[in-house]
Amino acid sequence: MQYSLAGEQVDAYRRNGYLFPIDVFGSGQVAAIRAELEQAQLDAAASGLEDEFSQLVRANAQYLLPFVYHVATAPQLLDRVESILGPDLLLWSAEFFIKGAHSERIVSWHQDLTYWGLGETDDEITAWLALSDVNVESGCMRFLPGSHHQKLLPHRDTFAANNLLSRGQEVAAEIDENQAVDVVLRPGQLSLHHGRIFHASGPNSSDQDRIGLAFRFLTPAVKQQVAQRDYAMQVRGIDAQQNWIHVAPPTRNFAPADVELYRRIRADQSLALAAGATQEMHAAY
Ligand SMILES: O=C(O)CCC(=O)C(=O)O
């Protein structure tokens, strides 16, 4: 594979639960992706989906927007992911994490796998692509090295309105912020993180939007254990286990049939995401 990770990088990922920065796209490619995102917003408005746009792209954007699928399947990403998860890969979700300039929006300390219904698996990874400057001022992610070696811990739901997570969930553990690592990325750089790593991010006090696009990849061995059905796109290799309903890539932005399918997928997945929640969730995941 042209973009495989070196053995030491894979070792560092397994030891720390993350790996960054990884150069993936140049400035021209990032500008093209940002232009696609702007076009998607216009297309959402033209389809009467303007008010829902930020929620629609906050999870499962790969089912609605062809460019998201194309970015997810670029060898620059998939070769890196294959170096860790192996040759058979599914894309479960693509999620824009956007914090506007001077936005108070944050992400509390959490473990991703808590409410996804996928169990404690090591066979899930997030590839988080920076589409803007991502630094301490603009609210980059912070990782707690090695915390993925722990099991999934209980989380408490805060439902805080400024939290980008659906339940404002917070891991019920003392976090030593001095041990945390700032995930500083330039536009076009990637970070990889494990589904059990403790991570968070702060507000954006910069003058620019902070934009990240997070892809959740699985191996076909992973199963949905809470919801009755779940969906994924096969992006590499084979799926011998067939635990997932396979979805084909979209052919244009917000095609009505895709939007309908998207709503069905979200409704099905919400059985896992909302399990045990005491209030209505305000965003996604
Ligand atoms: O983008 C952020 O600030 C947080 C993203 C995150 O929690 C994730 O990708 O798992």
Side-chain angles (χ1 to χ4, degrees), residues 13 16-22 24 37 54-55 57-62 68 71-72 77 80-81 84 91-118 121-122 124-145 147-148 152-153 155 157-158 160 162-171 175 177 180-187 189-206 208-218 273 281-285:
Y13 172 83
N16 297 321
Y18 63 83
L19 185 72
F20 76 92
I22 301 167
V24 168
L37 179 60
S54 46
Q55 183 130 8
V57 300
R58 181 55 192 82
N60 287 330
Q62 79 279 15
V68 172
V71 175
L77 260 88
R80 269 70 179 234
V81 172
I84 291 173
L91 173 63
W92 182 62
S93 185
E95 309 176 8
F96 281 93
F97 281 90
I98 302 175
K99 298 177 188 172
H102 301 285
S103 156
E104 290 301 317
R105 305 212 78 173
I106 56 121
V107 169
S108 46
W109 283 99
H110 69 287
Q111 293 170 293
D112 285 337
L113 287 168
T114 305
Y115 294 126
W116 291 352
L118 309 180
T121 184
D122 291 313
E124 183 275 337
I125 195 170
T126 293
W128 196 104
L129 176 67
L131 295 173
S132 65
D133 271 312
V134 177
N135 49 40
V136 174
E137 191 192 10
S138 67
C140 64
M141 284 192 289
R142 311 195 76 210
F143 294 146
L144 197 65
S147 49
H148 66 301
L152 286 181
L153 299 186
H155 284 58
D157 298 338
T158 70
N162 68 332
N163 199 317
L164 281 169
L165 301 180
S166 54
R167 302 157 71 138
Q169 62 263 33
E170 231 170 46
V171 63
I175 307 289
E177 295 270 353
V181 170
D182 294 318
V183 188
V184 175
L185 300 171
R186 289 197 312 270
Q189 288 185 323
L190 190 75
S191 68
L192 298 174
H193 70 258
H194 189 287
R196 291 195 310 273
I197 192 141
F198 295 9
H199 60 294
S201 68
N204 178 5
S205 44
S206 80
Q208 308 294 324
D209 293 349
R210 193 225 69 164
I211 305 179
L213 176 51
F215 299 101
R216 321 293 188 184
F217 292 102
L218 315 172
L273 295 169
M281 304 189 300
H282 58 73
Y285 296 14

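As the structure lists them, so they are numbered: ligands from 1, and atoms in each ligand from 1.
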Between S132 and D209, a side-chain donor and acceptor under 3.5 Å: no
Whether H193 and H199 hold their rings parallel, tilted or perpendicular, with breakpoints at 30° and 60°: tilted
Part of R105 with heavy atoms under 4.0 Å of ligand 1, whether side chain, backbone, both or neither: neither
M141 and F97, any side-chain heavy atoms less than 4.5 Å apart: no
Whether H110 lies under 4.0 Å from ligand 1, heavy atom: yes
Side-chain donor or acceptor of N204 paired with backbone N/O of S206 under 3.5 Å: yes
Q111 side chain to L153 backbone, donor-acceptor under 3.5 Å: yes
Those atoms of ligand 1 less than 4.0 Å from some heavy atom in M141: 2 (C), 3 (O), 4 (C), 5 (C), 6 (C)
Residue pair I22 / R80, side-chain heavy-atom distance below 4.5 Å: yes
Proximal atoms of ligand 1 relative to D112 (non-hydrogen, under 4.0 Å): 10 (O)
Identity and separation of the nearest protein heavy atom to atom 1 (O) of ligand 1: R210 NH2, 2.8 Å
Atoms of ligand 1 close to S201 [distance to a heavy atom under 4.0 angstrom, numbered from 1]: 2 (C), 3 (O)
Ligand-side contact atoms (ligand 1) for residue partner V107, heavy atom cut-off under 4.0 Å: 3 (O), 4 (C), 7 (O)
Between CG on residue L185 and CZ on residue R210, distance to nearest 0.5 Å: 9.5 Å
R216 touching ligand 1 at heavy-atom level, < 4.0 angstrom: yes
Polar contact flag for T126 and ligand 1 (N/O pairs, less than 3.5 Å): no
